[in-house]
There are 2 protein chains.
Amino acid sequence: MGERGDWAAMRERRMAEPGAAEAYDAARLAFELGRAVRELRERRGWSQAQLAKESRMTQSAVARFEAGGTVPTLPVLERLAASLNVSLSVRFEPRDAAA
Amino acid sequence: MGERGDWAAMRERRMAEPGAAEAYDAARLAFELGRAVRELRERRGWSQAQLAKESRMTQSAVARFEAGGTVPTLPVLERLAASLNVSLSVRFEPRDAAA
DNA sequence: GGCCGTTATAGCATTGCTGCTATGACATGG
DNA sequence: CCATGTCATAGCAGCAATGCTATAACGGCC
């Protein structure tokens with residue numbers, strides 16, 4: 001039933017769910033955050049395993065996250081941000097405001 | 001010692017956990033996001049029930065969220081943002097950068 | 001008093017993210 | 001070829017957030 005594996009397919013499906021504009025947004029957000037973390041990590045020359053250790057998680061969790069396999073939770077994002085020495089910003093902004 | 005209810009106490013406990021700086025951050029983030037949503041909602045003159053309906057959740061979920069009872073997930077934040085006609089911003093920023 | 005609208009909480013089922021181990025694929029260097 | 005390092009993925013246990021109903025507590029208002 002669940003097709004619990006295959007993150008890419010899972011994400012595709014999530015993005016394709018009818019009338020799930022916000023679910024789509026969440027999936028895209030997950031994807032972009034994954035990419036951002038990968039960039040920050042590679043800029044530091046760290047392996048996934050190193051980042052995982054710093055963030056108190058496992059290499060597989062980092063890989064899953066970077067691939068956008070799941071929509072991350074705020075605690076995880078906080079841990080990653082702390083390890084990468086950046087700050088996590090989560091807030092609501094006016095729709096027209098530039099980033 | 002379950003005390004599964006009583007969100008305030010739960011949050012206090014989470015923030016007091018030894019060596020859980022990021023968990024603390026997540027709890028504080030939850031609290032601030034809850035306040036932000038409450039402000040946006042009241043500015044529109046909406047009841048929790050109205051916002052809940054727009055965001056496809058129940059009034060109790062909105063109340064729990066506004067009280068900072070749990071650390072919200074990104075899909076929920078996206079739905080609330082969409083209903084309140086604001087955009088959700090989640091990103092990593094340099095530590096010293098001003099908001 | 002009763003009635004209604006709103007918010008706060010309780011208690012539970014479901015969902016789905018995380019944590020983990022193990023393993024596969026793929027390079028690179030010996 | 002073999003060893004090592006890195007990243008990707010499967011599969012599952014555990015658990016926290018969500019989704020839900022029902023209800024209590026606090027108003028106003030008639």
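Values in this document were obtained by computation on a predicted structure and should not be read as measured data.
Within the 4.0 Å cut-off from OP1 or OP2 of C:dT18, at least one side-chain nitrogen or oxygen of A:Thr70 is found. Distances shown here put a side-chain N or O of B:Arg41 below 4.0 Å from the OP1 or OP2 atom of C:dT7. Remark: B:Arg56 is not in phosphate contact with D:dC20, judged by side-chain N or O atoms under 4.0 Å from OP1 or OP2.
Residue B:Leu51 comes nearest to B:Ser83 through the heavy atom pair CD1-CB, 3.8 Å, listed as atom of the first residue, atom of the second, then distance. Here the closest heavy-atom approach between residue A:Arg41 and residue A:Trp46 is recorded as NH1-O, 2.8 Å.
Donor-acceptor pairing under 3.5 Å, judged by distance alone, is present between the side chain of B:Ser60 and the base of D:dT21. The base of C:dA8 lies outside donor-acceptor range of the side chain of B:Gln48, with no N or O pair under 3.5 Å.
Remark: B:Glu39 engages B:Arg43 in a salt bridge, criterion side-chain N to carboxylate O under 4.0 Å. Comment: B:Arg91 engages A:Glu93 in a salt bridge, judged by a side-chain N to carboxylate O separation of less than 4.0 angstrom.
Protein atom CE of A:Met57 is 16 Å distant from nucleotide atom C1' of D:dC15, rounded to whole Å. C:dC17 atom P lies 9 Å from atom CZ of A:Arg64, rounded to whole Å. Summarising the geometry, the separation between CZ on A:Arg79 and P on C:dT18 is reported as 9 Å, rounded to the nearest angstrom. The CG-P distance, from B:Leu74 to C:dT18, rounds to 9 Å in whole Å. Taking atom CD of B:Glu66 as the reference point, atom C1' of D:dA17 lies 17 Å away to the nearest angstrom. Atoms CH2 (B:Trp46) and C1' (C:dT7) sit 18 Å apart, rounded to a whole Å.
As judged by a 4.0 angstrom heavy-atom cut-off over every strand, B:Ala61 is placed among residues making no nucleic acid contact.
Between B:Ser47 and B:Thr73, the residue anchored nearer the 5' end of DNA chain C, judged by the nucleotide with its closest heavy atom, is B:Ser47. Between B:Val76 and B:Gln59, the residue anchored closer to the 5' end of DNA chain D is B:Val76, taking for each the nucleotide with the nearest heavy atom.
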